[in-house]
Amino acid sequence: MAKIASSKIQSLPQAVSELVHDGDVVALEGFTHLIPFAAGHEIIRQGRRDLTLVRMTPDLVYDRMIGAGCARKLVFSWGGNPGVGSLHRMRDALASGWPVPLEIEEHSHAGMANRYVAGASGLPFAVLRGYAGTELPEHTDTISTVTCPFTGEELAAVAALNPDVTVVHAQRADRAGNVQLWGILGVQKEAVLAARRAIVTVEEIVDELTPVPGAVVLPAWVLDAVAVAPRGAAPSYAHGYYDRDNAAYRAWDTVSRDREKFSAWLEKLQEDAS
Amino acid sequence: MAKIASSKIQSLPQAVSELVHDGDVVALEGFTHLIPFAAGHEIIRQGRRDLTLVRMTPDLVYDRMIGAGCARKLVFSWGGNPGVGSLHRMRDALASGWPVPLEIEEHSHAGMANRYVAGASGLPFAVLRGYAGTELPEHTDTISTVTCPFTGEELAAVAALNPDVTVVHAQRADRAGNVQLWGILGVQKEAVLAARRAIVTVEEIVDELTPVPGAVVLPAWVLDAVAVAPRGAAPSYAHGYYDRDNAAYRAWDTVSRDREKFSAWLEKLQEDAS
Amino acid sequence: MSTWTADEMMTVAASRSLRDGQVCFVGIGLPSTAANLARRLHAPGLVLVYESGTIGTEPDELPLSIGDGILADSALSLVGVPEIFNYWLQSGRIDVGFLSGAQIDRFANINTTVIGEYDEPSVRLPGSGGAPEIAASCREVIVVMRQRLRAFVSQVDFVTSVGHGSGPGDRGRLGLRGAGPVRVITDLGVLEPDPESAELVLTAVHPDVTVEQVRSETGWELEISADLRITAPPTEQELSTLRGLRTVGVAS
Amino acid sequence: MSTWTADEMMTVAASRSLRDGQVCFVGIGLPSTAANLARRLHAPGLVLVYESGTIGTEPDELPLSIGDGILADSALSLVGVPEIFNYWLQSGRIDVGFLSGAQIDRFANINTTVIGEYDEPSVRLPGSGGAPEIAASCREVIVVMRQRLRAFVSQVDFVTSVGHGSGPGDRGRLGLRGAGPVRVITDLGVLEPDPESAELVLTAVHPDVTVEQVRSETGWELEISADLRITAPPTEQELSTLRGLRTVGVAS
């Protein structure tokens with residue numbers, strides 16, 4: 001059944017409160033572009049715990065959520081601070097279990113992308129040319145093999161990803177909750193369609209979604225909540241709205257290296273909300 | 001190696017002469033929209049034989065090519081004259097071997113689409129939920145099954161399609177041979193990327209491909225020839241250029257029902273070229 | 001009192017079976033007419049998806065073919081054919097699939113491939129198109145086709161699209177995730193699968209149609225539902241709206 | 001006479017290894033700088049593809065990240081991440097993949113996952129990203145990384161991306177369709193796999209670099225090619241073009 005359209009547009013706190021639960025498998029997607037920081041911060045504020053965080057490129061947003069103790073597991077393919085260095089909160093959780101221990105499930109980008117494709121397609125797995133000769137399959141049980149019934153060739157298989165909830169950020173939505181996003185597209189469409197529930201934050205609500213070259217439109221009926229969050233992707237960027245705040249990415253390196261500095265940052269995040 | 005860009009733009013007769021050979025597996029794609037009729041007619045004029053014609057929806061263009069004796073095999077998922085009725089030349093070839101016998105390899109739309117996806121992706125097969133309980137697998141040996149290595153579930157597998165040559169029609173190209181098409185997209189991108197050689201006919205060559213919402217751009221380096229063929233999709237349509245000639249579709253029913261009327265049509269096609 | 005044709009009654013009955021807010025995967029012809037009629041009457045929020053890749057299309061006129069330009073122009077979103085089948089249909093997010101066919105049997109299996117033997121058919125039909133996967137993956141399927149003895153057969157010559165297979169539980173065993181055909185709407189009445197046997201039984205006749213008429217156009221011993229209904233006749237509004245639908249490029 | 005840094009020499013050497021008309025799958029950092037330099041010098045028709053889905057991008061300035069807006073703005077075509085990996089990389093239509101890493105071994109296998117044991121690493125690195133499939137599927141791979149003893153090891157701690165596995169024929173046995181690493185360009189020289197043994201041997205040193213220097217930064221008994229070349233120094237044009245490259249959002 002299509003998700004009923006009437007009540008799609010709501011506040012971000014309400015959407016997170018109703019749709020993100022402790023223990024959920026949660027994907028916040030956005031490939032460098034349109035990273036849903038505002039939603040990640042709201043999940044931190046609401047104190048979610050035991051989440052399995054899924055994301056191709058855990059960026060600052062997951063470093064923060066991990067540091068805040070939201071996650072018990074991370075599913076990913078590249079975890080770094082792009083152009084700067086490491087994710088220190090992620091490293092600290094992995095090495096020292098601070099503030100809580102963190103499991104990982106590690107893939108390649110191609111593997112993760114195809115896992116979302118399988119999830120969006122209602123298939124239990126996807127086939128790809130990948131992983132052969134690498135050591136990842138020894139450590140990741142969602143990687144296997146499958147044999148082509150026509151050629152006998154052996155190929156990699158990866159298990160479908162179907163998050164309990166996917167959160168993405170987009171440029172805009174109309175009043176019915178149809179969402180439009182453009183620029184670098186990443187895996188947002190697949191991550192939304194693979195999920196049981198979907199939340200989209202947007203820069204603005206408009207009367208009409210004027211067509212934009214290269215844009216993807218997600219119909220309201222595949223979404224559960226659309227929340228207005230201006231600059232909701234900062235310090236990443238929203239094509240056509242604002243640029244990436246590279247200084248903030250560099251500054252995070254200092255904050256995240258140190259548990260006390262991070263804790264101060266976290267306290268401030270909580271205060272900013274109240 | 002990228003296909004060298006310099007000589008991409010050439011005449012349609014030259015492109016067909018150099019790139020379409022007797023015995024080839026040839027896909028002319030375009031889902032109702034942008035059907036490459038001009039290219040099909042040129043293949044008829046040049047007297048190609050023993051082709052394996054691949055197309056989700058053999059339309060008038062394949063009825064004509066089959067009637068002209070170009071094909072020894074048809075790979076398809078829905079063969080009719082949309083909104084009118086049957087493809088009489090196809091039926092005659094199947095039932096009476098006129099003018100030459102025709103083999104068929106029959107799939108569903110989902111199966112054909114996924115076969116192109118596998119071909120474009122460099123995979124030997126694709127997985128889908130399909131065919132279970134239908135009688136097609138008994139007659140089509142490019143349908144099989146595969147078992148999910150994670151869940152044990154059995155799913156359908158279809159063999160990849162990699163045509164020797166794919167031909168599509170598009171709205172326009174730039175002088176370097178980059179191609180832009182929009183409106184209903186069909187499987188053209190997949191059919192081009194799955195093929196060993198690719199020909200695109202276009203309505204016009206322009207200086208610059210101004211972005212168009214919903215447009216797909218095929219880089220020149222994945223194409224072998226780009227040929228100008230104004231109204232090259234008629235009697236189907238080219239979004240933004242001309243409408244479908246529904247009268248021509250209806251009129252074909254009369255022509256194609258009768259071998260003599262068809263032969264007269266074929267003679268006229270040859271004459272029109274000279 | 002107004003009069004109407006059997007086809008008009010069938011189309012109106014089909015349109016009534018769609019509910020507002022549903023997502024409907026629409027084939028061309030009668031299903032498209034019925035879906036567009038419903039959208040203009042009781043189901044303004046009906047979402048139409050066509051296999052040509054148009055999602056949420058709101059055509060002013062009826063498309064003549066599945067890939068008509070009017071579907072693209074008025075679509076909320078336009079995607080390629082692989083995506084429409086994989087992300088939108090196969091994934092199980094379509095509520096209702098609308099199908100038709102050349103033959104249907106007592107278990108609502110549908111044939112659009114051949115009459116006769118596959119290798120030497122007496123009639124070669126167009127083939128599968130999107131139907132097998134529509135029948136497999138939509139949450140429910142509604143079949144719309146004219147009821148004729150040659151079309152309503154005990155067993156189809158070729159199973160193109162699975163209805164209820166050879167009886168109860170078959171869909172589950174085959175791994176088909178949708179409920180399959182829940183209703184067959186014809187120009188004479190409505191047939192629905194019996195909850196026990198999965199066999200199509202007559203649950204409604206259209207006005208002025210007799211049970212005997214329906215039986216004489218059915219190729220198996222047709223059971224009649226204990227609470228056989230009579231379809232409400234088309235309303236003035238239904239008829240005038242239906243008759244007001246224009247098809248693209250066809251003179252009115 | 002001009003002077004230059006070792007990194008500049010490495011970038012210039014990497015840019016020279018790209019030929020006009022090739023299609024190059026570019027990682028961020030040194031590979032991106034080298035590819036954009038080549039496009040401004042001898043390879044104006046070089047096609048740049050980034051894993052963020054930008055095809056044929058022609059940025060005026062260097063992107064700071066793989067998904068920088070400038071890549072989207074100047075791209076001929078922009079596609080989603082699944083498509084870039086499946087239709088464009090996996091299909092085998094990319095000529096050259098440019099990779100870097102934290103460790104590389106004598107068979108050009110690359111590690112970007114962990115230093116030490118996987119479960120208890122001494123250093124946790126970012127992980128795979130697109131590298132494993134770039135290494136598998138591009139027609140050839142060029143590695144660009146600084147030559148340091150801790151990075152050029154006899155055997156990598158973790159095989160993230162396969163070079164030549166454990167020797168000749170391994171790629172074929174693994175079903176990898178590209179040729180793998182054909183050249184490793186460092187700040188000291190150039191290493192290439194020996195056609196017989198598949199082991200990396202030194203085939204060129206950059207100006208003013210000695211073989212001993214290279215050996216001292218290599219964790220295995222480095223073989224020296226019989227016709228060891230000396231890299232031509234950067235030309236004035238190469239240096240001035242390289243130094244003229246601006247990175248988006250970074251003050252010059």
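Treat the numbers as computed from the prediction; the structure is a model and nothing was measured.
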Contact summary for [X] and [Y], nearest pair of heavy atoms:
X	Y	result
C:Asp68	B:Tyr237	C-OH, 3.3 Å
B:His239	C:Gly69	CE1-O, 3.7 Å
B:Arg129	C:Gly175	NH1-O, 4.3 Å
B:Ser108	C:Ser128	CA-CB, 3.7 Å
B:Arg91	C:Arg124	NH2-O, 2.9 Å

Is chain C contacted by the side chain of [X], its backbone, both, or neither, given a heavy-atom distance below 4.5 Å?
X	result
B:Ile104	side chain
B:Phe76	side chain
B:Met56	side chain

I'd like to know which of [options] tops the heavy-atom pair count under 4.5 Å against chain C.
options	result
B:Gly80, B:Gly79, B:Gly214	B:Gly79
B:Leu87, B:Leu128, B:Leu185	B:Leu128
B:Ser77, B:Pro58, B:Ala113	B:Ser77
B:Ala132, B:Gly83, B:Ala110	B:Ala110

Using non-hydrogen atoms and a 4.5 Å limit, figure out which bit of [X] sits close to chain B: side chain, backbone, both or neither.
X	value
C:Arg177	side chain
C:Pro132	side chain
C:Leu174	both
C:Thr160	backbone
C:Glu51	both
C:Asn86	side chain
C:Asn111	neither
C:Gln90	both

Let's test your reading of the structure: which of [options] forms the most heavy-atom pairs below 4.5 Å with chain B?
options	value
C:Val79, C:Val162, C:Asn109	C:Val162
C:Ser161, C:Pro126, C:Ala135	C:Pro126
C:Pro82, C:Ala72, C:Gly165	C:Pro82

Report task. Report, as yes or no, whether the 6.0 Å neighbourhood of atom CZ on B:Arg259 holds more than 12 heavy atoms from other residues, nucleotides or ligands. Result -> yes
Query raised in the report: When you look at CD of C:Gln155, are more than 12 heavy atoms from neighbouring residues, nucleotides or ligands closer to it than 6.0 Å?
Result: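 No, CD of C:Gln155 has 12 or fewer neighbouring heavy atoms, counting only those of other groups under 6.0 Å.
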Report task. Would you please test C:Ser52 and B:Thr32 for side-chain contact (heavy atoms from CB on, under 4.5 Å) and show each step? Result -> CA-CA 8 Å; C:Ser52 52; B:Thr32 307; 5.9 Å; no
**Report entry** Verdict with supporting geometry, C:Phe158 and B:His139, side-chain contact (heavy atoms from CB on, under 4.5 Å)
**Finding:** CA-CA 11 Å; C:Phe158 189 100; B:His139 302 280; 3.7 Å; yes
Query - Point-to-point distance, once rounded to the nearest 0.5 Å, from CG of C:Asp119 to CG of B:Leu94 - result: 10.5 Å
Query - Atom pair CG/CH2 of C:Leu125 and B:Trp78 - distance to nearest 0.5 Å - result: 10.5 Å
Report task. Check whether any side-chain heavy atom of C:Leu78 lies under 4.5 Å from a side-chain heavy atom of B:Ile184, and answer yes or no. Result ->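 A side-chain contact under 4.5 Å exists here.
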Query - Partner of C:Tyr118 by side chain to side chain contact (heavy atoms under 4.5 Å, CB included), out of B:Glu138, B:Glu135, B:Glu106 - result: B:Glu106
